[in-house]
Structures are given as C-alpha cells and as structure tokens.
Number of protein chains: 2
Amino acid sequence: MSQQTALKQKQNKPSYHHGDLRITLLNAANVLLKETGIEGLSLRKLADKVGVSRTAPYHHFKDKNQLLCAIAEKGFVQWQQDAANIFNQTGLSPKEKYRQFFHGYISYAADNPELYDLMFGRTIWKQNSATSELRNAAYPSFHHQVKMTKKWQEQGLMPSGEDTLRLSQVTWGTMHGIARLLIDGIYADRSHIDEMCDCAVNLFTQQITQSED
Amino acid sequence: MSQQTALKQKQNKPSYHHGDLRITLLNAANVLLKETGIEGLSLRKLADKVGVSRTAPYHHFKDKNQLLCAIAEKGFVQWQQDAANIFNQTGLSPKEKYRQFFHGYISYAADNPELYDLMFGRTIWKQNSATSELRNAAYPSFHHQVKMTKKWQEQGLMPSGEDTLRLSQVTWGTMHGIARLLIDGIYADRSHIDEMCDCAVNLFTQQITQSED
DNA sequence: AAGCATATGTTGACGCTGTCAAGATAACAA
DNA sequence: TTGTTATCTTGACAGCGTCAACATATGCTT
C-alpha cells in the first residue's frame with residue numbers, strides 16, 4: 001500500500017481502490033461464517049457486506065475455494081498457537097498436560113464450530129481442492145502431535161508397543177470424532193465434554209510415575 | 001400401484017404417471033451420489049436422469065433435504081444389517097468380534113465415502129434439519145453400540161471403571177474420526193486401515209480370559 | 001358408468017449462486 | 001508524461017432450489 005493510499009484510509013476518504021480488501025474480506029468472512037455457517041457464506045453477500053462489487057474479491061482470491069482455504073488456514077495457525085500455549089506451561093505432569101491438550105482441542109472445536117467444520121470438512125479437502133498454503137498450515141499441526149506422541153510413549157504415558165504414527169492417527173481421530181459429534185449434535189452435546197475427554201484420556205494413558213514434562 | 005399401472009410398467013409402455021418415482025429417484029440418487037458426491041447431486045440433474053421434469057420429485061419429497069435424509073436413512077439401515085451379520089457370527093472371542101466390528105465400520109465408510117459423508121455430515125444434521133425418520137434409523141445404531149459396550153465391560157473386554165455412555169461415545173468417536181480422516185484423505189489413507197484399526201482395538205480392549213461371546 | 005377429488009406430472013418464473021468478459025479507474029514505473 | 005499493471009465496475013450466463021399455475025391420470029363415490 002502506498003503512502004497516499006494509507007493516508008486516504010486514515011482519513012476515511014472513500015477511494016476507488018479499497019486498499020486493504022484482502023484482509024477486510026477475510027475478516028468479514030470470519031464474521032459471516034460464525035453468523036450463518038458455511039452454507040450461508042456467499043461471495044456476493046460477503047462483497048456486499050464489505051461494500052464492494054460482486055467480482056471485486058476475484059482480484060484477491062482465484063475463486064471461492066481459495067477464500068475458504070485462506071480462512072481455514074488462519075484457523076490452523078490460531079489452534080497451533082493455542083496448543084503451543086498449553087504445551088509451554090510448566091509444572092504440569094505429562095498426563096495433566098495431555099489432558100489439557102485434549103480438552104483444549106475439543107473446546108476450540110466447540111467454541112468455533114463453523115470454523116472447525118470448514119477446517120476439517122469435505123468442502124475444502126475433497127479431491128485435492130486444498131491449496132498448498134492450507135496444507136502447509138494444517139500438516140504441521142499433525143506432525144507436532146506425532147512428535148508429542150513419541151515423547152509420551154518414551155515417558156511411559158502411552159503404550160510404547162504401538163507404532164507411533166498409528167497411535168497418533170488413532171488419538172487424533174478420537175479428538176476429531178468427538179469434536180464432530182459435538183458440533184453436529186449427533187450423539188453428544190456440550191454437557192458431556194468434560195466427561196468424554198477424561199474418559200478418552202484415561203483410555204489412552206497408563207499410570208506412570210509422575211514427573212514434570 | 002394399481003393393477004393397470006403395474007401392467008403398463010411390465011409392458012414398458014410409457015405413461016404420464018411414472019408409477020414408481022419415489023423409489024426410482026432414491027436409486028438414481030444413490031448412483032449420482034457415488035459418481036459425483038454430494039456437491040454434484042442436484043434435484044434437476046436427478047430428475048433429468050430419471051426422465052421426469054424438474055419439479056416432479058417435489059411430489060415425493062418435500063424438499064431436497066428430505067431426499068437426502070431418505071438416502072442417509074437407507075445407509076443406516078444397511079450398515080445396521082452389516083453390523084448384525086458381524087455380531088451374529090459364532091465361534092469368535094469377544095475381542096475378535098469387536099475387532100471385526102471396528103474393521104467393518106471403517107470398511108463400510110471407506111467403501112461408501114459419499115454415502116458416509118452424507119450420513120454423518122453437517123448437511124443433514126445441522127440444526128434439526130434431520131427428519132424424524134432419519135433419527136429413528138440413526139439412533140438405534142448408536143444405542144446398539146451402547147448396549148454392546150456394556151456387555152464388553154461386563155465381559156472384562158473393556159474397562160469397567162468407565163461410564164458406559166462415555167465409553168461408547170469415545171469408541172464411536174474414534175471410529176467416526178478415523179473414517180473421516182480416511183475419506184477426506186487428511187492425515188491417513190486406505191493403506192493404513194488395518195494397522196489403525198488394530199491399534200485402536202488394542203487401546204480399548206484389555207487382556208481377558210478368552211471365551212465365546 | 002359418471003363425475004369428482006386426489007395424486008402425480010408439466011411448464012414458467014423468481015431469486016440466489018459462482019464466475020467469466022469487457023470496460024473503467026487508480027497506482028506505479030520508465 | 002506515458003504506458004503498464006493492479007484493482008474495481010457493470011453486464012451476462014448457466015446452474016441451483018423452489019413456488020405457482022396448469023394438465024392429466026387414477027381411484028373413490030354415487
């Protein structure tokens with residue numbers, strides 16, 4: 001953005017060029033997503049809300065899919081920060097840390113159901129429609145869990161007999177499955193969250209000599 | 001269907017009234033679903049494929065949602081039969097039976113990805129859009145698992161210390177999560193199925209004195 | 001057998017969607 | 001200053017779900 005444009009923005013003078021449309025669109029899309037869900041998020045409504053014409057977004061996103069991927073991408077980054085905060089806590093036993101991680105994941109999903117649905121929903125991941133940027137944001141999240149799973153196995157928190165990658169897939173699958181059950185309201189609701197998480201953590205962890213991290 | 005109409009159908013004489021449109025629509029929808037996925041399943045294409053006008057389906061389904069629910073309903077019935085066949089086997093240890101049940105669930109999902117996606121996807125379950133018929137077909141599937149979980153706990157296959165309902169939600173969530181990972185191709189692919197299932201079964205079951213059911 | 005209600009089919013129309021093409025305007029680089 | 005590029009605009013198109021109005025076949029009642 002040039003100095004002149006920046007100045008215009010500051011002075012709230014209307015200009016032909018928006019100056020910051022990409023970010024504005026992403027923010028508005030997040031709001032619209034929360035309010036109406038994926039099915040209510042249309043490019044036209046979005047453009048209207050931001051105050052530009054229907055086709056303006058196409059200069060910043062190749063198509064709707066790319067916009068959705070960008071939103072999901074932000075979701076992954078945000079969750080990774082939340083997770084990092086949990087892992088960076090000190091003075092917690094491995095089991096307690098894992099418990100908090102599990103609870104944190106489910107809470108993130110329950111607090112941002114529409115976003116979570118977008119992040120892990122078919123809309124984005126079906127037959128390679130995910131952008132490489134999205135993949136680059138999503139995969140580290142799982143890789144980190146694999147790394148932590150290995151550590152948990154070494155610490156004796158999780159069974160060392162199982163293959164680390166399979167164990168990661170199963171534990172992650174459990175979190176994902178519980179999250180989906182909650183969001184879709186199929187066989188569970190929010191009042192079950194704590195008990196479900198504790199039950200799952202109990203199943204996956206064994207009694208070990210307590211030590212800090 | 002009257003005798004005359006039935007006769008017409010038999011003789012392949014074209015008639016103004018289709019005579020069997022509801023079932024024909026459901027079957028064609030299943031094919032279209034398999035071929036193009038949910039996003040490719042439109043009422044207009046469907047009607048065209050069957051050879052009726054765009055609005056003819058509305059005399060058999062209130063709207064698109066009701067059609068989708070009806071398809072999903074069939075999916076639940078079908079899965080329940082598959083599951084029953086597994087449970088009705090004789091000469092298997094509880095653990096082996098559970099293993100087959102787990103594998104069967106994942107295989108069903110992997111073999112019918114589009115149908116599974118419809119059955120458990122947001123499209124149908126978001127804010128009470130599921131028909132009561134669908135609920136009546138879907139819930140027994142879970143209730144049966146709760147019943148089996150209780151049995152498995154009593155048999156010592158699964159930890160008896162955990163609340164049965166929570167345990168059911170967790171184990172079911174795991175199956176659902178793994179199924180979704182496979183279908184969406186996020187963090188797993190078909191070549192991992194067996195190992196993932198075995199890993200999960202190992203985690204959920206304990207060593208017990210083997211006995212026949 | 002006649003007539004009428006009902007079920008089932010049709011075409012027309014509406015507003016919504018994503019997206020392309022062509023043109024207008026601003027920003028920037030030479 | 002001039003020309004290139006980025007950005008934003010309107011116009012247009014096909015596809016979608018769905019409603020309204022109308023047509024036709026079926027089946028029940030008399």
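Numbered from 1 within each chain, the chains take letters A, B, ... in sequence-line order. As the structure is a computational prediction, the values presented were derived from the model and not from experiment.
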Send over the distance from A/Tyr58 OH to D/dA6 C1', rounded to a whole Å.
-> 18 Å
Counting heavy atoms from C-beta on, name the nucleotide in D/dT10, D/dT7, D/dC16 closest to the side chain of B/Arg44.
-> D/dC16
Side-chain donor/acceptor of B/Arg54 to base of D/dG17, under 3.5 Å = no
Could you state the NE2-P distance from A/His59 to C/dA21, rounded to the nearest angstrom?
-> 13 Å
Check every strand shown and say whether A/Ser42 touches a base, only sugar-phosphate, or nothing at a heavy-atom separation below 4.0 Å.
-> sugar-phosphate
Expressed in angstrom and rounded to an integer, what is the separation of B/Lys45 atom NZ from D/dA14 atom P?
-> 16 Å
Distance-only polar pair, side chains of B/His144 and B/Gln80, donor-acceptor under 3.5 Å | no
Check whether any side-chain heavy atom of A/Tyr105 lies under 4.5 Å from a side-chain heavy atom of A/Asp82, and answer yes or no.
-> no
Please work out which of the three classes, parallel, tilted or perpendicular, describes the rings of A/Phe102 and A/Tyr98, given edges at 30° and 60°.
-> perpendicular
Length of the CD-C1' vector between A/Glu39 and C/dG18, whole Å | 17 Å
Under 3.5 Å, is there a donor-acceptor pair between the side chain of B/Lys97 and the main chain of B/Gln89?
-> yes
Side chain of B/Leu21 - closest among D/dG17, D/dG11, C/dG9 | C/dG9
Looking at every strand, decide which applies to B/Lys62 at a 4.0 Å heavy-atom threshold: base, sugar-phosphate, or nothing.
-> nothing
Atom-to-atom span, CG of A/Leu46 to P of D/dC8 - whole angstrom = 13 Å
Round to the nearest Å and state the distance from A/Asp48 atom CG to C/dG18 atom P.
-> 12 Å
Here the distance between atom P of D/dC8 and atom CZ of A/Phe61, to the nearest Å, is 12 Å
Determine, using ring centers only, whether A/Phe120 and A/Trp172 are less than 6.0 Å apart.
-> yes
Gap between atoms CG and P, on A/Asp63 and D/dG15 respectively (whole Å) | 18 Å
Side-chain atoms of B/His60 come closest, of D/dT18, C/dG9, C/dT19, to C/dG9
